[in-house]
2 protein chains.
Amino acid sequence: VKERAFIEWIRAQNEWDREDIVVGPGDDCAILRCGDQLLAVTTDQILDGVHVTLAADGPYWAGRKAMARNLSDIAAMAAEPLWACATVAMPRGFSEEDAKQMYKGRRAISDEMGCPMIGGDVGSWDGPLAISVTICGRVGEHGYILRSGARPGDALCVTGSLGGAWRSNRHLRFTPRIAEALLLARRYHPTAMIDLSDGLSTDLGHICTASGCGAEIQASAVPCAMGAGGDVDPLTAALNDGEDYELLFALGPEDADRLLADQPLAPVTVTRIGQCTDEGGPVLLDPDGRPAPLTPAGWEHETHESP
Amino acid sequence: VKERAFIEWIRAQNEWDREDIVVGPGDDCAILRCGDQLLAVTTDQILDGVHVTLAADGPYWAGRKAMARNLSDIAAMAAEPLWACATVAMPRGFSEEDAKQMYKGRRAISDEMGCPMIGGDVGSWDGPLAISVTICGRVGEHGYILRSGARPGDALCVTGSLGGAWRSNRHLRFTPRIAEALLLARRYHPTAMIDLSDGLSTDLGHICTASGCGAEIQASAVPCAMGAGGDVDPLTAALNDGEDYELLFALGPEDADRLLADQPLAPVTVTRIGQCTDEGGPVLLDPDGRPAPLTPAGWEHETHESP
């Protein structure tokens, strides 16, 4: 199956006409109205051999990543995590100690982020390890942030540094940017936001498509992770590797000036990497200002179309 | 891993201290407070080779069952389904047509029950088909019904007929008893309820344990499905086969008299199969009134401890 085509087909099936579904599939979370509250809901899976390598990474980090990936989607909406639930399909060789380690990895990040597990299902089977997590968050007074609100002239910023997340095991050990997203939303009015799971080149395309704008990125401004590249150059790694789980967001130029002067997320850095333009897809400007199309070369080992 | 022991261990880890978590793991759904509303949340998975046989049953019925099983847990709380989300891990051989059939099976029951999919994640891998579904429901004015409210003297009733769900393919084709549960909750004050997934002998044990009571079942009163038994006798099949997805519930004797006279769920029958007693586990009374312990011989191919 071509996952992306299948997902497009699903979205064309036009499933509902309901006022409580404020935002359906296609952003990092769905938004649901529940009485006077708005909820942000996301679901994602960790499959052995795709998102983790159980034999090498171990069950602790598999459990942690299953939870952390979903929390990153909650961050991308600037929501606060409320609770999680999960199903786990355990391979026959999974020991009691393996199961407990998986729980402990999941629990460590649950506790850190205030997102308890309120239910789940555990089963054994002949297949590899599969963990599916659903997280529900709460939208605060500042509201939620979609991919679709960026305007021409908005600055484009990222948190942290990008590239090489698999080589450095950051794809397992990252901290979801929940606190950072909430602070950004409260003080700096981001107009669009996404978490960098597919890679900057792909995820920036998602913001441009959803917002109906273009983007210019200064190659020299992209914050490349130390030693990110391995055999490839650090910029290519930063643009395409994916699984950084940092935030990419747009905001007004004055808000951006203030944010960059404040650097309120320290020790997490915020870097301005470019700006939104009127139209066309993302463009990369080399140090001499020469443009080249920035095509989605994100690492599409599977479809990250969440939720 | 021994799933049940692992789940007991998890529950002993004492995860939270939060007022919005009204009911945590251990019943058919968790209950969450969201503003002035109560939500019922459940999650469950369908694994090829455990809950379905993809090659024989086909993707349509796998998709439908993934959704229907969770809806049955929503029914067990007497909640109304609101929305669902899902992750799907597709085997390499899964064709586009397979994927669409899976969607259509899921969608058929979503539409019937008013429970649209608000998000999901689809990926391919080298493992077998795994579908994980989370459903959120709404608790109405009549409140939710736990496993723990049964009182000595309460009548015990079941909907439909039991046994042989796998031989007859009812485990794929059942209709979750949402409408029936809502009607029971509105008019007949059930004190405890569960959906029959593990089999009457096991699930009745869950009610007795949660409620701190015993139970007497009249063997001659148990509604056995036509031809349920195959090679085993129909009563044994009705007690132990599991995956009936009917409702087992307790209610006051006068409410039960009224319910049995009304038969308001027709064409779905309601049968009184026994009553709750002071203590001890479930007991089966043969036609001469001789008691025998009714031990959990439900079909534990995996742990159905939902949510």
Side-chain angles (χ1 to χ4, degrees), chain A residues 1-3 5-7 9-10 13 15-16 18 20-21 24-25 29-30 32 34-37 39 41-45 47-50 82-83 85-87 89-90 94-96 98-100 103 107 110 116-128 130 132 134 302-303 305-307, chain B residues 1-3 5-7 9-10 13 15-16 18 20-21 24-25 29-30 32 34-37 39 41-45 47-50 82-83 85-87 89-90 94-96 98-100 103 107 110 116-128 130 132 134 302-303 305-307:
Chain A
V1 188
K2 295 194 174 102
E3 289 95 342
F6 177 49
I7 286 169
W9 180 85
I10 289 176
Q13 300 308 303
E15 191 147 350
W16 65 78
R18 282 247 308 260
D20 59 324
I21 303 176
C29 293
L32 289 310
C34 175
D36 55 357
Q37 213 168 285
L39 301 177
V41 176
T42 183
T43 191
D44 226 331
Q45 59 192 341
L47 306 175
D48 183 17
V50 182
L82 279 176
W83 48 261
C85 56
T87 61
M90 298 184 292
F94 217 60
S95 71
E96 191 183 319
D98 287 336
K100 288 181 178 175
Y103 173 85
R107 176 72 187 269
S110 287
M117 191 66 65
I118 54 116
D121 182 69
V122 177
S124 296
W125 72 332
D126 293 326
S132 175
T134 300
E302 59 104 51
T303 307
E305 291 288 316
S306 299
Chain B
V1 188
K2 294 192 173 105
E3 289 94 343
F6 177 49
I7 286 169
W9 180 86
I10 289 177
Q13 300 308 304
E15 190 146 351
W16 66 79
R18 281 248 309 261
D20 60 323
I21 302 176
C29 291
L32 289 310
C34 174
D36 55 356
Q37 212 168 285
L39 300 177
V41 175
T42 183
T43 190
D44 226 332
Q45 59 193 341
L47 306 175
D48 183 18
V50 181
L82 279 176
W83 47 262
C85 56
T87 61
M90 298 184 291
F94 218 59
S95 71
E96 192 183 319
D98 287 338
K100 288 182 178 175
Y103 173 86
R107 176 73 188 267
S110 285
M117 190 67 62
I118 54 116
D121 181 70
V122 176
S124 295
W125 73 333
D126 292 327
S132 175
T134 300
E302 59 103 55
T303 307
E305 291 287 318
S306 298

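Fair warning: this is a prediction, and the values are worked out from it, not measured in the lab. Each chain gets a letter, A, B and so on, in the order its sequence line appears, and its residues count up from 1.
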Among the options A:Gly127, A:Ser110, A:Cys34, pick out the one with the most heavy-atom pairs lying under 4.5 Å from chain B. A:Cys34
Could you tell me the separation between the CH2 atom of B:Trp83 and the CD1 atom of A:Ile21, rounded to the nearest 0.5 Å? 9.5 Å
Please give me the minimum heavy-atom distance between B:Ala86 and A:Thr43, naming the atom from each residue. O-CG2, 3.6 Å
For B:Ala5, is it the side chain, the backbone, both or neither that has a heavy atom under 4.5 Å from a heavy atom of chain A? neither
Heavy-atom distance under 4.5 Å between the side chains of B:Arg18 and A:Leu82, does that happen here? yes
For chain A, the option from B:Asp20, B:Asp36, B:Leu32 that forms the most heavy-atom pairs under 4.5 Å: B:Leu32
Flag the pair B:Trp9 / A:Lys100 as yes when at least one side-chain heavy-atom distance between them is below 4.5 Å, and no otherwise. yes
Minimum heavy-atom separation for A:Val122 and B:Gln45, please, with both atom names. C-NE2, 4.1 Å
Donor-acceptor side-chain pairing of A:Glu3 and B:Ser124 below 3.5 angstrom: yes
Look at the side chain of B:Arg107 and the backbone N and O of A:Gln13, then say whether any donor-acceptor pair between them is shorter than 3.5 Å. yes
With B:Trp16, which residues qualify under ring-ring contact (aromatic ring centres under 6.0 Å, His included), at least two apart? none
Checking A:Glu15 against chain B: side chain, backbone, both or neither under 4.5 Å from a heavy atom? both
Side chains of A:Asp126 and B:Pro128: closer than 4.5 Å at any heavy-atom pair? no
Donor-acceptor pair, side chain of A:Glu96 and main chain of B:Phe6, under 3.5 angstrom: no
A:Asp44 side, atom CG; B:Ser132 side, atom OG - distance, nearest 0.5 Å: 11.0 Å
If every non-hydrogen atom of A:Leu47 is compared with every non-hydrogen atom of B:Trp125, which pair is closest and at what distance? CB-CE3, 3.4 Å
Relative to chain B, which of A:Ser95, A:Gly49, A:Ala89, A:Ala130 shows the most heavy atom pairs under 4.5 Å? A:Ala89
Does the side chain of B:Leu39 come within less than 4.5 Å of A:Leu39's, by heavy atoms? yes
